[in-house]
Amino acid sequence: MNWVIVGQGALGSLLAVKLQQQQQTVAVLTRANAPAEPRWLDQQCYQFSAITPAELLCSQQPSTVVAAVKAYQLDALLKQLAELPTQHQLLLSYNGMLDNEAQRLPPNCLHWVTTHGAYRDAQQLVHAGAGESWLGWQQPQLKPVPAELITTLSAALPPCHWQPEIQRQRWQKLAINCLINPFTVIHNCLNGELLGLGLEAEMLQLAGEISALAGRLDGIDLLPEQLVTAAMDVATRTAANRSSMLSDVRAGRRTEIDFLNGFVARQSAQLGLTASANQLLWQQLS
Ligand code: KPL
């Protein structure tokens, strides 16, 4: 299969390397005349060909375009790819949720939700926590299961599950990120170091607010206790990982707080729900 990876972040880079290790054809989307930077994993250097947005838009070669980007980069990217011909498949992966998402996302895109933990240390990529991934249509009424895609993603970065109810998985991932990422910044620590800090009560309050919002916005039932358990489980499995938010803060980049706890606080306020714990973290980290 042909793949085009959009985004220079740790997860997109990790996927690019892992797909290339599976003998897939992988290109990286770059600006005109810019080379694709090599990626390093386990002291090995991986080179990729570069493709510009203009080249991608007129390419006849069917490709899976994986946009592993920050939520705040999505609008600009979707504008750039608005004319993406139908032989290409767009797969989105970002932390958090956008306000009015259904109106902003192309209906025929797929979500790739992942709990793999990865960060960049200078040039080196570090796959610091084995997680799992789920794939599903943005519009659940789209029925065909892209079997080859799942098999290839599963081989590259296992396991990858087909999830017809991807929105449920996205809420769970949102909760995991809302419960882990801000605390790694506040305590300036790796994911695993959160486990001994006695954060369960605070996490349960955050999870309760997220669960109430998921019910009201999407009719999805999530048990707050299970969300805390899921977050603790991810923190355990990615114990050695530096969260994306901590990496952003250390690199002086904008964080995704507006699309995580900020999203929960804004949407809850609009619906008259209380989300004081998420509101507090949003304020603290903005
Ligand atoms: O998604 C992550 C992130 O850091 O943004 C987790 C799964 C928490 C891994 O660190």
Side-chain angles (χ1 to χ4, degrees), residues 1-41 44-71 73-94 104-114 116 118 120 125 127 133-164 166:
M1 289 176 76
N2 294 299
W3 298 78
V4 175
I5 306 292
V6 186
Q8 306 286 324
L11 265 177
S13 300
L14 180 68
L15 184 62
V17 167
K18 294 285 180 178
L19 285 167
Q20 200 178 74
Q21 287 177 343
Q22 295 294 313
Q23 278 72 52
Q24 300 289 307
T25 308
V26 186
V28 172
L29 195 77
T30 57
R31 282 189 300 274
N33 302 323
E37 279 183 21
R39 268 67 165 175
W40 290 80
L41 182 70
Q44 253 200 283
C45 181
Y46 295 82
Q47 305 278 355
F48 300 92
S49 53
I51 183 166
T52 65
E55 285 166 345
L56 175 61
L57 293 184
C58 61
S59 146
Q60 297 302 314
Q61 189 85 271
S63 302
T64 301
V65 180
V66 184
V69 294
K70 299 287 185 188
Q73 297 171 323
L74 259 182
D75 279 340
L77 178 72
L78 292 175
K79 212 169 145 193
Q80 204 170 36
L81 298 184
E83 306 297 320
L84 192 69
T86 50
Q87 72 265 26
H88 302 301
Q89 180 61 64
L90 181 61
L91 208 149
L92 300 178
S93 184
Y94 55 94
R104 291 159 84 169
L105 300 184
N108 57 347
C109 68
L110 288 153
H111 287 282
W112 180 57
V113 178
T114 184
H116 280 278
R120 287 178 93 147
L125 267 172
H127 186 190
S133 310
W134 297 264
L135 198 68
W137 295 110
Q138 154 70 12
Q139 287 202 338
Q141 60 270 33
L142 293 178
K143 292 279 181 262
V145 178
E148 193 186 352
L149 206 57
I150 303 168
T151 309
T152 311
L153 283 171
S154 255
L157 213 46
C160 180
H161 318 279
W162 178 244
Q163 171 52 287
I166 199 69

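Residue indices begin at 1 and follow the sequence shown.
- Within the 3.5 Å criterion, the main-chain N or O of L157 finds no donor-acceptor partner in the side chain of Q22.
- Partners of W40 according to the side chain to side chain donor-acceptor pair (under 3.5 Å) rule, which considers only residues two or more places apart in sequence or in another chain, are Q123.
- Remark: Q87 CD is packed, more than 12 non-hydrogen atoms of other residues, nucleotides or ligands lying under 6.0 Å away.
- Atom CD of Q20 is separated from atom CD of Q47 by 8.5 Å, given to the nearest 0.5 angstrom.
- Contact between V113 and I166 at its shortest, heavy atoms only, is CG2-CD1, 4.0 Å.
- A donor-acceptor pair under 3.5 Å links the side-chain atoms of W137 to the main chain of P144, judged by distance alone.
- Residues V28 and E37 form no side-chain contact, since every pair of their non-hydrogen atoms from C-beta on lies 4.5 Å or further apart.
- Interatomic distance, CG of L125 versus CG of L15, reported as 11.0 Å (0.5 Å rounding).
- Shown here for H88 and S59, the closest heavy-atom pair between the two residues is NE2-O, 3.3 Å.
- Closest heavy-atom contact between G7 and V69: CA-CG1, 4.3 Å.
- Pairing each heavy atom of L29 with each of T52, the nearest pair is CD1-C, 3.8 Å.
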Return all side-chain donor-acceptor pairs below 3.5 angstrom for residues 73-82, not counting sequence neighbours, or 'none' if the list is empty.
| from | atom 1 | to | atom 2 | distance (Å) |
| --- | --- | --- | --- | --- |
| Q73 | OE1 | K70 | N | 2.9 |
| D75 | OD1 | R104 | NE | 3.4 |
| D75 | OD2 | R104 | NH2 | 2.6 |

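- Aromatic ring pairs are classed by plane angle as parallel below 30°, tilted from 30° to 60° and perpendicular above 60°; the pair H116 and H127 is tilted.
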Show me the donor-acceptor pairs within less than 3.5 Å that the side chains of residues 148-155 make with the rest of the protein, sequence neighbours left out.
| from | atom 1 | to | atom 2 | distance (Å) |
| --- | --- | --- | --- | --- |
| T151 | OG1 | A147 | O | 2.8 |
| T152 | OG1 | E148 | O | 2.7 |
| S154 | OG | C160 | N | 3.2 |
| S154 | OG | C160 | O | 3.1 |

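- For the pair Q89/P146, no side-chain contact is recorded, criterion being any heavy-atom separation below 4.5 Å from C-beta on.
- Contact check for L105 versus H111: side-chain heavy atoms found under the 4.5 Å cut-off.
- In this structure, A36 and F48 approach most closely via the heavy-atom pair CB-O, 3.4 Å.
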Quick one: do Q44 and V17 satisfy side-chain contact (heavy atoms from CB on, under 4.5 Å)? Show the steps, please. CA-CA 10 Å; Q44 253 200 283; V17 167; over 6 Å; no
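- By the 4.5 Å heavy-atom criterion applied to side chains, L110 and T64 are not counted as neighbours.
- Put simply, CG on L19 and CG on N2 are 11.5 Å apart, with the number rounded to the nearest 0.5 Å.
- Nearest approach of A50 to A34, heavy atoms of both residues: CB-O, 3.8 Å.
- With a 4.5 Å cut-off on side-chain heavy atoms, V26 and Y46 do not count as touching.
- Within the model, atoms OG1 of T114 and CG of L135 stand 11.0 Å from one another, a figure rounded to the nearest 0.5 Å.
- For the pair S63 (side chain) and Q61 (backbone), a donor-acceptor distance under 3.5 Å is present.
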